There are 2 protein chains.
Amino acid sequence: MPHDGEWAATTKGEATAARIRAVALDQFSQLGFERVTMAGIAKAARVSQPALHYHFEDKAHLWRSAMLGLRAVIQEEERLIEAAADAPPLTQLRVAMRLFLQISWKHPALGRIVALEGMAGGERLEWLDRHLLGARNRRLAAIAGEAIAAGDLLPYPPEQIVVTLQTAAVGVINLAPLMRTTFDCDVAADRAIHDEMILEAVLGGFLTEKGRRAREETQ
Amino acid sequence: MPHDGEWAATTKGEATAARIRAVALDQFSQLGFERVTMAGIAKAARVSQPALHYHFEDKAHLWRSAMLGLRAVIQEEERLIEAAADAPPLTQLRVAMRLFLQISWKHPALGRIVALEGMAGGERLEWLDRHLLGARNRRLAAIAGEAIAAGDLLPYPPEQIVVTLQTAAVGVINLAPLMRTTFDCDVAADRAIHDEMILEAVLGGFLTEKGRRAREETQ
DNA sequence: CCAATTTCTGATTACAAAATCAGAAAAGCT
DNA sequence: AGCTTTTCTGATTTTGTAATCAGAAATTGG
């Protein structure tokens with residue numbers, strides 16, 4: 001009895017289902033939903049194409065199931081952000097951005113999928129909002145709002161700040177193929193420099209005078 | 001004798017071809033190449049589906065032809081950047097970012113397509129690099145390098161700076177559907193605030209002390 | 001106004017990919 | 001070992017869409 005929400009123990013079936021999910025996540029994030037074929041996933045996962053329909057009802061279910069593999073990652077992120085809830089809002093934001101960068105390097109699929117579906121709209125975006133990202137993003141916007149109220153962050157719309165910070169952070173990661181084509185450079189090579197750039201220059205650019213002084217004291 | 005490189009005068013045919021190109025650009029940018037169907041374009045352009053194959057050899061040709069509609073825009077941008085070539089590099093960068101924002105609002109299709117194809121890689125990305133964006137982006141990276149050499153910009157890799165600035169600038173524009181889903185807010189509403197945010201906070205964040213002083217003098 | 005040319009349509013073909021199904025192989029259980 | 005259930009495959013059907021073609025309508029030029 002396959003394609004159900006939750007999965008049985010470590011049976012043979014779950015092993016291949018996991019392999020399929022991993023391949024699917026990879027392909028969906030690189031190519032987008034439509035460019036990916038069930039046959040292509042099947043081949044990469046070394047199973048026949050009907051095996052996919054055995055484990056997952058259809059292509060949409062497979063997509064969602066693959067996304068759910070990232071839910072643990074996001075939940076852990078949310079947990080770590082909440083753990084800093086007593087710190088000043090600006091510190092929380094910095095923590096959140098560090099986590100965001102970490103996740104973006106470790107799971108580049110996530111940022112690409114958000115970009116793909118966030119531009120197109122539709123039911124997959126709604127699903128992502130409801131089951132994966134909405135809560136976290138609204139939480140971050142609230143923190144940004146607090147940081148503004150505290151006088152540490154420039155008073156721009158918190159939602160715009162959050163999304164701008166995030167898109168800046170994943171920009172060169174998502175656009176790795178473009179970086180190679182246009183500049184012939186490998187992004188992953190200087191990850192440390194990149195992360196410092198995002199934290200210092202981009203996040204730093206949103207700080208007020210007061211926020212900048214606070215930063216120097218804290219570090 | 002249709003689907004050739006350059007188009008005749010203002011015949012009946014060119015009018016519908018232009019209409020098709022406009023619809024195609026719109027749909028390609030919102031949905032990506034694969035999600036768009038020839039029938040869908042035909043319907044939106046109020047012609048039969050074979051009419052598309054009369055004017056454009058195939059779907060790929062239609063895509064390229066639609067993109068070429070943006071070439072004039074980019075060329076004008078390059079011209080205006082070169083016009084400022086005698087100004088200090090930092091000023092050139094600010095000019096370039098202002099232009100970039102202007103274009104991104106006026107032709108949101110461009111940023112979305114760069115995001116889509118820049119993530120996926122492949123021959124469409126190569127085409128974009130060769131015919132539309134490569135020269136401009138490498139020029140911008142060179143300017144950023146000069147600004148660093150002049151001590152006005154923080155010394156991060158110029159390519160990363162340029163792409164990060166651009167992705168930050170188009171972030172909330174590209175992700176308008178996400179902004180609506182997650183935050184229920186309309187991005188276009190506060191365009192002026194957004195642009196100020198990008199220029200002051202994001203570009204501002206990359207300035208050195210010296211660059212920041214230079215900014216205050218210039219304005 | 002008539003002929004030539006351009007522009008476009010309806011009908012059809014070709015094809016790729018998702019989905020289904022009957023049954024084979026493998027795994028688990030007693 | 002022998003039976004049952006799970007897991008998977010080969011073959012097939014169905015569907016959606018790009019591409020083709022023959023000919024109709026519209027447009028243009030003499």
Side-chain angles (χ1 to χ4, degrees), chain A residues 1-28 30-67 120 122-124, chain B residues 1-28 30-67 120 122-124:
Chain A
M1 97 206 27
H3 43 80
D4 280 337
E6 290 311 314
W7 323 297
T10 340
T11 72
K12 165 89 173 184
E14 172 48 25
T16 60
R19 206 169 63 243
I20 293 170
R21 270 194 296 270
V23 169
L25 182 63
D26 201 56
Q27 298 207 6
F28 279 133
Q30 294 209 26
L31 304 169
F33 187 80
E34 341 288 326
R35 255 188 265 212
V36 171
T37 69
M38 297 296 265
I41 296 174
K43 191 175 177 187
R46 301 187 312 280
V47 288
S48 70
Q49 185 255 13
L52 269 56
H53 287 282
Y54 171 73
H55 289 284
F56 309 96
E57 194 171 328
D58 59 20
K59 199 178 172 184
H61 278 78
L62 173 54
W63 185 89
R64 287 196 287 270
S65 189
M67 290 308 121
E123 60 178 26
R124 283 194 295 278
Chain B
M1 98 203 25
H3 43 80
D4 279 337
E6 289 314 313
W7 324 296
T10 340
T11 71
K12 165 91 173 180
E14 172 49 24
T16 61
R19 205 169 63 243
I20 292 170
R21 270 194 296 271
V23 170
L25 182 63
D26 200 56
Q27 299 209 5
F28 281 133
Q30 293 210 28
L31 304 169
F33 187 80
E34 342 287 327
R35 255 188 265 210
V36 171
T37 69
M38 297 296 266
I41 296 173
K43 190 175 180 187
R46 300 186 313 279
V47 287
S48 70
Q49 184 254 14
L52 302 194
H53 287 283
Y54 172 73
H55 289 284
F56 310 95
E57 194 172 327
D58 57 21
K59 199 178 172 185
H61 277 80
L62 173 54
W63 184 89
R64 288 197 286 271
S65 188
M67 290 308 121
E123 61 177 25
R124 283 194 297 277

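Lettering of chains follows the sequences in order, A, B, ..., and the numbering in each one begins at 1. Given the structure is predicted, the values throughout are model-derived calculations rather than measurements. Just the heavy atoms: all of them, side chains too, but no hydrogens, waters or symmetry mates, feed the values below.
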Side chain to side chain contact (heavy atoms under 4.5 Å, CB included) involving B:T37 - partner list, sequence neighbours excluded: B:A39

Integer-rounded Å distance: C:dA18 P and A:E57 CD: 16 Å

Return the set of residues passing side chain to side chain donor-acceptor pair (under 3.5 Å) with A:R35 (not counting sequence neighbours), or none when no residue passes. B:E34

A:R19 atom CZ is separated from D:dT7 atom C1', nearest whole Å, by 12 Å

Qualifying residues under side chain to side chain donor-acceptor pair (under 3.5 Å), relative to B:D58, sequence neighbours excluded: B:H61

Does any non-hydrogen side-chain atom of A:R21 lie less than 4.5 Å from one of A:H55? no

Which residues satisfy the salt bridge (Lys or Arg N to Asp or Glu O under 4.0 Å) test with A:R64, sequence neighbours excluded? none

Whole-Å distance, A:R35 CZ to D:dT17 P, equals 16 Å

Rounded distance in Å - CZ (B:F56) to P (C:dT7): 12 Å

Starting at CE of A:M38 and ending at P of D:dT9, how long is that distance when rounded to a whole Å? 14 Å

Could you tell me how far apart B:L52 (CG) and D:dT20 (P) are, to the nearest whole angstrom? 13 Å

Can you list the residues that meet the side chain to side chain contact (heavy atoms under 4.5 Å, CB included) rule with A:A22, with sequence neighbours excluded? none

Can you check the B:W63 CH2 to D:dT17 P distance for me, whole Å? 21 Å

Roughly how far, to the nearest 0.5 Å, is the CZ atom of A:R124 from the CZ atom of A:F33? 5.0 Å

For A:F56 and A:A17 the tightest heavy-atom approach is CZ-O, 3.8 Å

Looking only at C:dC8, D:dA18, C:dA19, the nucleotide nearest the B:T37 side chain is D:dA18

When you measure from the side chain of B:K59, which nucleotide among C:dA19, D:dA19, D:dC8 comes out closest? D:dA19

If you compare every side-chain N and O of B:Y54 against the phosphate oxygens of C:dC8 (OP1, OP2), does one of them come in below 4.0 Å? no

Could you tell me which residues satisfy side chain to side chain contact (heavy atoms under 4.5 Å, CB included) with B:A24, sequence neighbours excluded, listed by chain and number? B:F28, B:I41, B:L62, B:A66

Could you write out each protein N or O paired with an N or O of nucleotides 24-26 of chain D at a distance under 3.5 Å?
none

Within less than 4.0 Å of OP1 or OP2 of C:dT9, is there a side-chain N or O belonging to B:H53? no

Mind running a 4.0 Å heavy-atom check of residues 44-51 of chain B against DNA chain C and sending the residues that fall below it, in number order? B:V47, B:S48, B:P50, B:A51

Taking atom P of D:dA19 as reference, at what distance in whole Å does atom CD1 of B:I41 sit? 11 Å

